[in-house]
Amino acid sequence: MTTRATEPKQDRSRQTRQRILEATVESLRLRGWEGTTMAAVAREAGVSRQTLYNEFGSRKGMAVAYVTRFVDGLLAFVQVRIDAHPGEIDAAVDDAMRGVFQIGMGDPVVIN
């Protein structure tokens with residue numbers, strides 16, 4: 001049985017980073033970018049502000065990490081949709097783009 005104490009440090013760090021980025025999403029939805037502070041995100045993620053600064057360097061670094069994760073997710077989605085339509089480029093592009101617009105319009109990075 002793996003406990004928090006025995007989890008590899010890298011896995012805990014990755015989980016913390018994901019928790020912080022999820023808290024960033026929630027803060028953006030509630031407050032927009034102007035109202036999203038490092039303190040609010042830290043509180044929501046259950047970590048210290050120092051942890052955020054250690055992980056991202058700055059508020060801008062946190063924003064870059066969030067947008068990078070968002071774009072990576074979109075690209076992975078597009079790849080799955082293209083792979084679902086072998087030899088049918090029109091259908092693949094149509095399917096992928098419809099999904100990209102649906103995903104994008106539900107994300108605060110696009111809305112705000």
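Nothing fancy with the numbering, it's 1 onward along the sequence.
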Restricting to salt bridge (Lys or Arg N to Asp or Glu O under 4.0 Å), what partner residues turn up for [X], sequence neighbours left out?
X: E26; value: R29
X: R59; value: none
X: E44; value: none

- Say whether, by atom type as modelled, one donor and one acceptor occur between the side chain of T24 and the main chain of I20 under 3.5 angstrom. yes
- Message: When you measure from the side chain of T36 to the backbone of G32, do you find a donor-acceptor pair of N or O atoms at a distance under 3.5 Å?
- Response: yes
Quick check for you: to the nearest 0.5 Å, what is the distance between [X] atom [atom1] and [Y] atom [atom2]?
X: R69; Y: R17; atom1: CZ; atom2: CZ; value: 9.5 Å
X: F70; Y: D72; atom1: CZ; atom2: CG; value: 11.0 Å
X: R31; Y: T37; atom1: CZ; atom2: OG1; value: 6.5 Å
X: M38; Y: T51; atom1: CE; atom2: OG1; value: 10.0 Å
X: L21; Y: T16; atom1: CG; atom2: OG1; value: 11.0 Å

Residues forming a side chain to side chain contact (heavy atoms under 4.5 Å, CB included) with [X], sequence neighbours excluded:
X: A84; answer: R81
X: R43; answer: A39, A40
X: V100; answer: L74, F77, V78, M97

Same apolar cluster (I L V M F W Y, side chains within < 4.5 Å links), [X]/[Y]:
X: V71; Y: V80; answer: no
X: W33; Y: L30; answer: no
X: V25; Y: V64; answer: no

- Message: For N54 and Q50, which I'm curious about, is there any donor-acceptor pair between the side chains at under 3.5 Å?
- Response: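 Yes, side-chain donor-acceptor contact under 3.5 Å.
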- Task: Give the C-alpha distance, both sets of side-chain angles, the deciding distance and a yes or no for side chain to side chain contact (heavy atoms under 4.5 Å, CB included) between L28 and Y66.
- Result: CA-CA 11 Å; L28 287 168; Y66 172 74; 3.8 Å; yes
- Query: Which heavy atom in S27 sits nearest to a heavy atom in V41, and how many Å separate them?
  - Reply: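 Shortest heavy-atom separation between S27 and V41 comes out as CB-CG2, 4.1 Å.
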